[in-house]
Enquirer: 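One structure coming up, written as structure tokens, with questions to follow.
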Amino acid sequence: MVLDNLGSSLRGSLDKLRGKSRIDEEDVQEIVREIQRSLLSADVEVDLVMELSDNIKNRALEEEPPGGTSARDHVLKIVYEEMVDLVGESTDIPLEPQTIMLAGLQGSGKTTTAAKMAWWFSKKGLRPAVIQTDTFRPGAYDQAKQMCEKAEVEFYGDPDESDPVKIAREGMEATSDAEVHIVDTAGRHALEADLIDEIEEIEGAVTPDLSLLVLDAAIGKGAKAQAREFEDSIGIGGVVITKLDGTAKGGGALTAVKETGSSISFLGTGETVQDIERFEPNGFISRLLG
Ligand code: GDP
């Protein structure tokens with residue numbers, strides 16, 4: 001079974017099933033309670049936790065374990081399948097020429113993620129370029145430029161230009177030799193109307209194949225409104241969770257995944273350009289339940 005990194009109390013509850021051939025309601029309740037505790041402390045939204053709990057309870061009590069399967073393994077399999085259903089599969093990122101636009105609030109980690117993704121594509125043998133259209137945050141240009149230098153990837157920005165749409169358009173032209181264009185956009189502190197107008201205009205200028213919503217792992221309830229707003233304006237095809245090297249486990253981002261009908265694409269695990277991983281369900285599930 002792939003759930004190799006369970007928290008000790010959940011493991012303990014599951015281990016109580018050892019040697020049992022039948023599972024009773026009390027056993028399942030205890031296991032579900034442990035899972036709920038882990039997921040809620042990982043910031044997974046209550047509604048999602050309740051839905052998952054009901055599914056696990058119903059299936060564990062109703063489904064007959066296949067012959068030869070112990071009660072413990074049967075429940076473990078159900079927990080695993082329901083967790084995979086909760087976190088989803090990884091966003092499909094084809095290794096081919098494309099334009100990817102990053103959206104999110106200020107400080108979520110967009111600029112860092114843009115450089116990291118460019119580094120990731122370059123390691124996959126594609127030629128990337130980062131286009132920095134954030135004219136709002138002082139320092140965004142220098143930060144992006146420096147990170148792209150470290151990643152040894154092409155960078156386009158214009159510190160003297162205040163119109164992000166113009167930068168986007170000119171950036172696409174100036175980097176036309178690149179195979180993968182990663183377009184960083186400005187965030188704000190909150191979802192302001194001008195942020196949404198601006199990102200819609202940039203989207204029109206660069207016509208991305210994919211727009212990713214970048215969220216800090218510590219995001220809680222705010223995920224829903226942000227996801228809805230960006231989904232309605234530019235359409236979100238995937239979510240990036242940053243700062244997973246901290247204490248937050250990123251469960252709040254699952255709300256954004258559900259809200260946009262998308263999936264998780266990349267995880268940010270540090271401040272340097274190499275600190276990026278493709279999302280894969282098993283590791284993330286272990287993190288949530290660990
Ligand atoms: P933006 O405003 O959305 O462009 O956010 P930035 O890319 O500037 O990131 C905001 C801060 O978070 C910076 O100090 C980054 O170094 C930091 N940061 C971004 N991603 C990560 C990550 O995965 N781990 C850690 N520890 N810090 C990160």
Side-chain angles (χ1 to χ4, degrees), residues 42-43 90-91 100-121 123 128-151 153 155-159 164 167-168 171 181-192 194-196 198-199 202-203 206 208 211-220 222-223 225-227 229-230 233-234 236 238-253 256 264-280 283-284 287-288:
D43 298 322
S90 189
T91 313
I100 299 177
M101 184 164 90
L102 302 183
L105 296 192
Q106 188 167 325
S108 58
K110 286 180 305 302
T111 300
T112 309
T113 300
K116 287 176 175 180
M117 282 178 60
W119 176 83
W120 184 86
F121 275 109
K123 292 296 153 205
V130 170
I131 300 168
Q132 170 58 279
T133 71
D134 185 352
T135 55
F136 185 79
R137 180 164 65 89
Y141 171 87
D142 287 332
Q143 181 197 351
K145 188 163 182 280
Q146 278 167 20
M147 283 201 83
C148 287
E149 275 164 15
K150 285 201 187 110
V153 296
F155 169 75
Y156 182 90
D158 185 349
I167 298 177
H181 292 93
I182 298 170
V183 183
D184 187 17
T185 63
R188 297 285 192 275
H189 296 295
L191 289 166
E192 293 146 15
D194 61 340
L195 165 67
I196 297 299
E198 178 181 303
I199 204 163
I202 296 172
E203 193 216 5
V206 305
S211 292
L212 298 177
L213 175 62
V214 180
L215 296 173
D216 184 317
I219 189 120
Q226 260 188 68
E229 193 84 44
F230 283 113
S233 58
I234 54 168
I236 294 298
V239 168
V240 177
I241 311 177
T242 63
K243 309 183 197 181
L244 278 167
D245 49 314
T247 50
K249 292 185 171 174
I264 307 173
S265 53
F266 288 98
L267 307 178
T269 56
E271 292 188 80
T272 67
V273 288
Q274 294 95 335
D275 295 325
I276 182 166
E277 291 170 16
R278 274 287 267 144
F279 170 77
E280 57 85 24
F284 196 70
R287 222 186 284 241
L288 291 179

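Just so you know, ligand 1 is whichever comes first in the structure, and atom 1 is the first atom listed for that ligand.
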Enquirer: Taking non-hydrogen atoms only, is Lys116 closer than 4.0 angstrom to ligand 1 via side chain, backbone, both or neither?
Expert: side chain
Enquirer: Ion pair present between Asp216 and Lys243, side-chain N to carboxylate O less than 4.0 angstrom?
Expert: yes
Enquirer: Judged by atom type as modelled, is there a donor-acceptor pair below 3.5 Å linking the side chain of Gln132 to the main-chain atoms of Asp134?
Expert: yes
Enquirer: Less than 4.0 Å is my threshold; does some heavy atom of Leu105 fall inside it relative to ligand 1?
Expert: yes
Enquirer: Report yes or no: does Thr269 contribute a side-chain atom to a donor-acceptor pair with the main-chain N or O of Asp245 at less than 3.5 Å?
Expert: no
Enquirer: Test of understanding: given a 4.0 Å heavy-atom threshold, classify the contact between Thr111 and ligand 1 as side chain, backbone, both, or neither.
Expert: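 Under 4.0 Å from ligand 1, Thr111 contributes backbone and side-chain atoms.
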Enquirer: May I ask you to decide whether Arg287 forms a salt bridge with Glu280, counting only side-chain N to carboxylate O separations under 4.0 Å?
Expert: no
Enquirer: For atom 27 (N) of ligand 1, what's the nearest protein heavy atom and its distance?
Expert: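 The protein heavy atom lying closest is Glu271 CG, 3.3 Å.
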Enquirer: Below 4.0 Å from any atom of ligand 1, is there a heavy atom belonging to Gly187?
Expert: no
Enquirer: Give the numbers and elements of all ligand 1 atoms closer than 4.0 Å to a heavy atom of Gly268.
Expert: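 What qualifies from ligand 1 is 23 (O).
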Enquirer: Which atoms of ligand 1 are found less than 4.0 Å from any heavy atom of Gln106?
Expert: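 Counting from 1, the qualifying ligand atoms are 2 (O).
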Enquirer: Considering heavy atoms of the protein only, find what lies nearest to atom 5 (O) of ligand 1 and give residue, atom and distance to 0.1 Å.
Expert: Gly109 N, 3.0 Å
Enquirer: Counting non-hydrogen protein atoms only, what is the nearest one to atom 11 (C) of ligand 1? Give residue, atom name and distance.
Expert: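 Checked against all protein heavy atoms, atom 11 (C) of ligand 1 sits closest to Lys243 NZ, 4.1 Å.
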Enquirer: Provide, to 0.1 Å, the distance between atom 26 (N) of ligand 1 and the closest protein heavy atom, together with that atom's residue and name.
Expert: Asp245 OD2, 2.7 Å
Enquirer: Among all protein non-hydrogen atoms, which one is nearest to atom 7 (O) of ligand 1, and what is the separation to 0.1 Å?
Expert: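 The answer is Thr112 OG1, 2.6 Å.
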Enquirer: Within less than 4.0 angstrom of ligand 1, does Thr269 place any heavy atom?
Expert: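 Judged by the 4.0 Å heavy-atom criterion, Thr269 does count as contacting ligand 1.
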Enquirer: Does ligand 1 have an atom that lies less than 4.0 angstrom from a heavy atom of Gly107?
Expert: yes
Enquirer: Does the protein place any heavy atom closer than 4.0 Å to atom 13 (C) of ligand 1?
Expert: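 Under 4.0 Å from atom 13 (C) of ligand 1, zero protein heavy atoms found.
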Enquirer: If you have a sec, work out which protein heavy atom is nearest atom 8 (O) of ligand 1 and how many Å separate them, to one decimal?
Expert: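 Closest protein heavy atom to atom 8 (O) of ligand 1: Gln143 NE2, 3.0 Å.
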Enquirer: May I ask whether Ser108 places a heavy atom under 4.0 Å from ligand 1?
Expert: yes
